[in-house]
Amino acid sequence: MMLIPTHHFRDIERKPEYLQPEKCVPPPHPGPVGTMWFIRDGCGIACAIVTWFLVLYAEFVVLFVMLIPSRDYVYSIINGIVFNLLAFLALASHCRAMLTDPGAVPKGNATKEFIESLQLKPGQVVYKCPKCCSIKPDRAHHCSVCKRCIRKMDHHCPWVNNCVGENNQKYFVLFTMYIALISLHALIMVGFHFLHCFEEDWTNLLQAYGMTREETTEALLSPHEKERALKVRSSECSSFSPPATVILLILLCFEGLLFLIFTSVMFGTQVHSICTDETGIERLKRKHQPRQHTGSWKTVKETFGGNFSLNWFNPFSRPWQPEPPNDGDWVRQVASLSDVNNTETTEEQSEETKDEEDSVQVVDE
């Protein structure tokens, strides 16, 4: 298919007939505010269940293997409260990120009546997504899993079974932060537990024979005597058998280390995207079209919902809510023909024309 020049393409693009609005189904009546959003994707649902299972497994090992059998009640209570609080916040953030509309564009709004109501002027253009039949505002991208165009879409995360967009990015950042914190906390507790158990077994061995540490250098104990001594107070180190305890702790170490690295990288990436006001998709595409960047601190406040406060770390507080889109949000201003000829190179024109064809033109193949 031969591509027509950019300026001709834009002239045709302004005509409602070109967007084939007769093929678009009018958007359904919008639901009430706060309606739950859920993506019916098998892979995403499985990943979300695995995420909850891994957090609950860590909860089981921390409580029933390390904290409850411990004789240090202050240590158990403090670490139990901290770990359970972080786990609760992590799961709450996961639910909010999964069940919050990430910023979906109304589906099927590219109707002839709606396009004509925009009253496009020379130099203005609208972009239509041929997949969901929606008019795409600036910085919106189509998600093949959600089957919707998402405002400021960063990426689709299967672990939360949802896209990360302008409405739920805060929850995703909190989810990665709290998972990294509980992973680090679990690793630290496992290290202390191993040291405590070795020290406990050594102390029990000495107390069973009434010896001091210096006397053990001259003592020769038979294997049967050592086994009998280790059983004196072995239940105080763990409620499970030594092999089961070691296996459970090793699995927890592997899980904690893996998720600590993964979520720390994701947390850093998300914070960088918020501060630079550039989503992951925009970073990959590296569009040539100039876009005005807002200040980093302003973007952070918009993402987390106002000035710095404890609500930034609260998954139950709503982030900054954008105003409902007006007619101007659906229209983009393009450069005039003379500006295009003077400023754009041939390579940029061909890439821009290809991008416009993919996002606007509807071709039945």
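Hydrogens, waters and symmetry mates play no part in the numbers below; they use all other heavy atoms, side chains included. Just so we're clear, the structure is a prediction, and the values are computed from it rather than from any experiment.
- A 4.5 Å side-chain heavy-atom check between P319 and Y171 finds at least one atom pair inside the cut-off.
- Of all heavy-atom pairs spanning C132 and H142, the tightest one is SG-ND1, 3.6 Å.
- Side-chain atoms of L89 and L174, non-hydrogen and from C-beta on, never get closer than 4.5 Å to each other.
- Criterion: ILVMFWY side-chain heavy atoms under 4.5 Å apart, direct or through other members. Under it, W52 and L85 are part of a common hydrophobic cluster.
- Counting all heavy atoms, side chain and backbone alike, L187 lies closest to C253 at CD2-O, 3.6 Å.
- Side-chain atoms of V300 and C275, non-hydrogen and from C-beta on, do get closer than 4.5 Å to each other.
- Minimum interatomic distance between S183 and G256 (heavy atoms only, all atoms of both residues): CB-O, 3.3 Å.
- Across all their heavy atoms, R151 and V105 have their closest contact at CG-CG2, 4.3 Å.
- Looking at W312, its side chain does come within 3.5 Å of a backbone N or O of N307 through a donor-acceptor pair.
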Starting from the C-alpha separation in whole Å, work towards a yes-or-no answer on side-chain contact (heavy atoms from CB on, under 4.5 Å) for V173 and I274.
CA-CA 10 Å; V173 171; I274 294 173; 4.0 Å; yes
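- Counting non-hydrogen atoms of neighbouring residues, nucleotides and ligands closer than 6.0 angstrom, the CZ atom of F88 reaches no more than 12 such neighbours.
- In this structure a side-chain-to-backbone donor-acceptor pair under 3.5 Å is present from Y57 to L248.
- With hydrogens and angles disregarded, no donor-acceptor distance shorter than 3.5 Å links the side chain of N161 to the backbone of M98.
- The aromatic rings of F172 and F175 lie tilted to each other, with the angle between the two planes from 30° to 60°.
- Here L195 contributes atom CG and F192 contributes atom CZ; the two are 7.5 Å apart, rounded to the nearest 0.5 Å.
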Do D277 and K152 pass the salt bridge (Lys or Arg N to Asp or Glu O under 4.0 Å) test, and can you show the C-alpha distance, the side-chain angles, and the key distance before you say yes or no?
CA-CA 10 Å; D277 192 27; K152 290 184 65 176; 3.7 Å; yes
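- I188 and V190 fall within a single hydrophobic cluster, where Ile, Leu, Val, Met, Phe, Trp and Tyr side chains are chained together by heavy-atom contacts under 4.5 Å.
- Distance check, rounded to the nearest 0.5 Å: CG of L184 to CD1 of I179 gives 13.0 Å.
- Using a 4.5 Å heavy-atom cutoff, the side chains of H155 and Q270 are in contact.
- Here the side chains of R148 and S134 are not in contact, with every heavy-atom distance at 4.5 Å or above.
- Under the 4.5 Å side-chain heavy-atom criterion for Ile, Leu, Val, Met, Phe, Trp and Tyr, L260 and L251 are members of the same hydrophobic cluster.
- Checking side-chain atoms of R96 against main-chain N and O of P315 turns up a donor-acceptor pair under 3.5 Å.
- Hydrophobic clustering keeps V62 apart from Y73 (ILVMFWY residues linked when any side-chain heavy atoms are closer than 4.5 Å, directly or through intermediates).
- Connection of I81 to F313 is not established within any shared hydrophobic cluster, with ILVMFWY side chains joined at heavy-atom distances below 4.5 Å, either directly or through further cluster members.
- Without hydrogens or angle criteria, H94 side chain to W159 main chain gives a donor-acceptor distance under 3.5 Å.
- Atoms SG and CG, on C143 and D41 in that order, are 9.0 Å from each other to the nearest 0.5 Å.
- Looking only at side-chain heavy atoms (C-beta outward), Y75 and L67 come within less than 4.5 Å of each other.
- Summarising the geometry, atom CZ belonging to F304 is positioned 10.0 Å from atom OG belonging to S317; distances are rounded to the nearest 0.5 Å.
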Please assess K147 against K131 for the test side-chain contact (heavy atoms from CB on, under 4.5 Å), listing each intermediate value before the final yes or no.
CA-CA 8 Å; K147 297 180 176 58; K131 299 178 182 179; over 6 Å; no
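- For R139 and T279, the side-chain atoms include no donor-acceptor pair closer than 3.5 Å.
- Tested against W37, the residues N162, T100, L99, N167 include a single side-chain contact (heavy atoms from CB on, under 4.5 Å) partner, N162.
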Under the side-chain contact (heavy atoms from CB on, under 4.5 Å) criterion, do M66 and L249 qualify, and how do the steps go?
CA-CA 9 Å; M66 293 189 289; L249 292 178; 3.9 Å; yes
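- Counting only heavy atoms from C-beta outward, the side chains of L310 and N314 never approach each other to under 4.5 Å.
- Annotation for D101 and A104: closest pair OD1-N, 2.9 Å, computed over non-hydrogen atoms.
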Verdict with supporting geometry, C163 and H156, side-chain contact (heavy atoms from CB on, under 4.5 Å)
CA-CA 4 Å; C163 279; H156 183 91; 3.4 Å; yes
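- The two atoms that bring A186 and F83 nearest to each other are CB-CE1, 4.1 Å, heavy atoms only.
- Distance check: Q169 CD to T303 OG1 gives 5.5 Å after rounding to the nearest 0.5 Å.
- Residues T269 and T176 are not in side-chain contact: their nearest non-hydrogen atoms beyond the backbone lie 4.5 Å or more apart.
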